[in-house]
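Quick notes on the structure that follows.
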Amino acid sequence: MTILDGKRVASDVIDSVKLATARLGEMANIAPGLAVVIVGNDPASHAYVSSKSKMAKECGFTSVQHTLPEETTQEELAALVQTLNVDETLHGILVQLPLPKHLNSEPIIQSILPGKDVDGLHVVNAGKLATGDLDGGLVSCTPAGAMIFIKRTHGEDLSGLNAVVIGRSNLFGKPMAQLLLNANATVTIAHSRTKNLAEVCRNADILVAAVGRPEMVKADWVKLGATVIDVGINRIAAPERGEGKTRLVGDVAFDEAAKVAGVITPVPGGVGPMTIAMLMANTVIAAYRKANCPPPKF
């Protein structure tokens with residue numbers, strides 16, 4: 001049984017991003033530019049944003065961060081996105097979610113130019129992925145990262161393999177299913193309304209869990225030798241560590257599932273590190289396209 005090391009794979013992707021950045025500088029005298037926008041005071045969001053900005057600088061990007069107060073209006077946020085859209089030095093725009101309750105995120109995300117939507121959430125990018133145009137759009141970062149694990153395990157062509165994705169969110173479940181489908185897997189999207197969920201999962205050569213329910217996927221849901229990709233990040237009580245302590249777990253009961261799976265991702269340290277790496281990869285791809293240069297493959 002193999003435990004996939006997300007930090008190591010993410011580090012490989014980042015190395016490729018740095019090379020691609022240097023090459024773009026030599027060819028077109030352009031540095032990829034990434035703007036990150038954060039509204040309000042959510043501590044988890046601030047931690048994410050600072051790690052994204054730090055990684056962008058490490059990759060040799062022009063890194064811009066806009067930190068807006070909690071009381072920012074919809075109009076002010078929309079105006080900032082418009083300014084970033086027309087800024088020629090920026091190739092990627094990311095608005096950190098969730099936004100404060102009084103703001104509506106959907107029109108903001110859809111107002112980002114599809115070519116700068118490095119989160120892959122614009123309907124144009126979702127549509128390109130759904131129609132199999134992997135070279136024209138930008139793919140949502142977490143599914144793109146999960147797909148790198150799968151391709152490293154099974155190769156580029158998943159013909160003849162059954163894949164089950166538990167979760168149908170626009171953010172992860174649907175794009176993950178499209179990526180698997182594009183690689184020729186036979187794909188089932190399961191969710192909370194699926195009958196006999198455990199039985200459906202037992203048929204999967206590749207099982208991807210993204211439901212946000214701690215340790216829901218048990219060992220008897222997993223086919224012997226299957227590849228298990230755990231996208232869940234759940235914080236649960238850990239009294240064994242002391243009063244009030246918590247720990248992070250995935251959607252898969254790792255210790256028991258690891259005894260059955262052939263390949264499995266841990267939480268933390270699995271899919272998580274890949275998300276930021278793929279964000280950097282998307283920014284480089286967007287910069288290459290803007291410069292009319294064939295973008296690198298990751």
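- More than 12 non-hydrogen atoms from other residues, nucleotides or ligands lie less than 6.0 angstrom from NZ of Lys218.
- No side-chain heavy atom of Val81 sits less than 4.5 Å from a side-chain heavy atom of Val37.
- Just one residue in the list Asn182, Ile285, Leu179, Asn125 forms a side-chain contact (heavy atoms from CB on, under 4.5 Å) with Val139, and that residue is Leu179.
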| Test log, rule side chain to side chain contact (heavy atoms under 4.5 Å, CB included), inputs Ser105 and Val95 | CA-CA 9 Å; Ser105 59; Val95 177; over 6 Å; no
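- No side-chain donor-acceptor contact under 3.5 Å links Arg289 to the backbone of Pro295.
- In this structure, CG on Leu84 lies 9.0 Å from OG1 on Thr89, to the nearest 0.5 angstrom.
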| task | Evaluate side chain to side chain contact (heavy atoms under 4.5 Å, CB included) for Tyr288 paired with Met27, printing each intermediate quantity in order. | result | CA-CA 10 Å; Tyr288 267 74; Met27 288 190 306; 3.6 Å; yes
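- The side-chain heavy atoms of Thr142 and Met274, taken from C-beta on, include no pair separated by under 4.5 Å.
- Annotation for Lys290: atom NZ does not count as buried by contact number, only 12 or fewer foreign heavy atoms lying within 6.0 Å.
- Side-chain contact between Arg23 and Cys293: absent, with no pair of heavy atoms (C-beta onward) separated by less than 4.5 Å.
- With hydrogens and angles ignored, the 3.5 Å screen pairs no side-chain donor or acceptor of Glu70 with any backbone N or O of Pro100.
- The two residues Tyr48 and Gln96 come nearest to each other via the heavy atoms CD1-NE2, 3.9 Å.
- Here the closest heavy-atom approach between residue Ile30 and residue Ala291 is recorded as CD1-CB, 3.7 Å.
- To the nearest 0.5 angstrom, Asp12 atom CG is 10.5 Å from Ile14 atom CD1.
- Applying the side-chain contact (heavy atoms from CB on, under 4.5 Å) test between Phe254 and each of Ile264, Val249, Val267 identifies Ile264 as the sole match.
- Considering all non-hydrogen atoms of both residues, Val17 and Cys59 come closest at CG1-SG, 3.8 Å.
- Counting only heavy atoms from C-beta outward, the side chains of Glu256 and Asp220 never approach each other to under 4.5 Å.
- A distance of 10.5 Å separates OG in Ser140 from CE in Met278, rounded to the nearest 0.5 Å.
- The shortest side-chain heavy-atom distance between Lys18 and Thr21 does not fall under the 4.5 Å cut-off.
- A distance-only check finds no donor-acceptor pair linking the side chain of His91 to the backbone of Asn282 [under 3.5 Å].
- Follow the hydrophobic side-chain contacts under 4.5 Å out from Leu68 and you never reach Val36; the two are in separate clusters.
- A side-chain donor-acceptor contact under 3.5 Å links Thr72 to the backbone of Pro69.
- Taken together through direct or relayed side-chain contacts under 4.5 Å among Ile, Leu, Val, Met, Phe, Trp and Tyr, Leu103 and Leu80 form part of one hydrophobic cluster.
- Using a 4.5 Å heavy-atom threshold, the side chains of Leu4 and Val9 count as separate.
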| said: If you apply the rule side chain to side chain contact (heavy atoms under 4.5 Å, CB included), what do you find for Val165 with Lys174, and how did you get there? | reply: CA-CA 9 Å; Val165 180; Lys174 288 174 188 169; over 6 Å; no
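- The backbone N or O of Asp230 sits less than 3.5 Å from a side-chain atom of Thr265, completing a donor-acceptor pair.
- Minimum heavy-atom separation, Lys116 to Val86: NZ-N, 4.3 Å.
- Within the 4.5 Å cutoff, no side-chain heavy atoms of Asp117 are placed close to those of Val124.
- For the pair Ile276/Lys54, no side-chain contact is recorded, criterion being any heavy-atom separation below 4.5 Å from C-beta on.
- A single hydrophobic cluster is not seen to contain both Ile112 and Val49; linkage of ILVMFWY side chains at heavy-atom distances under 4.5 Å, directly or through other members, places them apart.
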| field | Working for side chain to side chain contact (heavy atoms under 4.5 Å, CB included), residues Asn85 and Gln82 | value | CA-CA 5 Å; Asn85 274 338; Gln82 275 320 109; 3.2 Å; yes
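- Judged purely by distance below 3.5 Å, without hydrogens or angles, the side chains of Ser159 and Asp157 pair a donor atom with an acceptor atom.
- The CG atom of Leu94 sits 4.5 Å away from atom NZ of Lys52, with the distance rounded to the nearest 0.5 Å.
- Heavy-atom contacts from other residues, nucleotides or ligands closer than 6.0 Å to CG of Leu134 number more than 12.
- Between the side chain of Thr275 and the backbone N or O of Cys141 there is no donor-acceptor pair closer than 3.5 Å.
- Annotation: side chain to side chain contact (heavy atoms under 4.5 Å, CB included) contacts of Ala183 (sequence neighbours excluded): Met147, Lys151, Leu158.
- Looking at every heavy atom in both residues, Phe149 comes nearest to Gly270 through CZ-O, 3.4 Å.
- At least one donor-acceptor pair under 3.5 Å links the side chain of Thr73 to the backbone N or O of Glu76.
- The backbone N or O of Ser63 sits nowhere less than 3.5 Å from a side-chain atom of Lys57 that would complete a donor-acceptor pair.
- With Leu97 as reference, Leu121 is the one residue of Asp42, Ile38, Leu121 to meet the side-chain contact (heavy atoms from CB on, under 4.5 Å) rule.
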Could you give the side-chain donor-acceptor pairs of residues 203-215 under 3.5 Å, partners two or more places apart or in another chain?
residue: Asp205; atom: OD1; partner: Lys223; partner atom: NZ; Å: 2.7
residue: Asp205; atom: OD2; partner: Asn162; partner atom: N; Å: 2.7

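- Pairing each heavy atom of Gly33 with each of Thr283, the nearest pair is O-CG2, 3.9 Å.
- Residues Val64 and Phe61 do not share a hydrophobic cluster, clusters being chains of Ile/Leu/Val/Met/Phe/Trp/Tyr side chains in contact below 4.5 Å.
- His122 places a side-chain N or O within 3.5 Å of a backbone atom of Gln110 that can act as its donor or acceptor partner.
- For the atom pair CG of Leu161 and CG of Asn184, the computed distance is 10.0 Å after rounding to the nearest 0.5 Å.
- With Asp5 contributing its side chain and Arg8 its backbone, the two residues share a donor-acceptor pair below 3.5 Å.
- Taken to the nearest 0.5 Å, the CD1 atom of Ile150 stands 4.5 Å off from the CD1 atom of Ile229.
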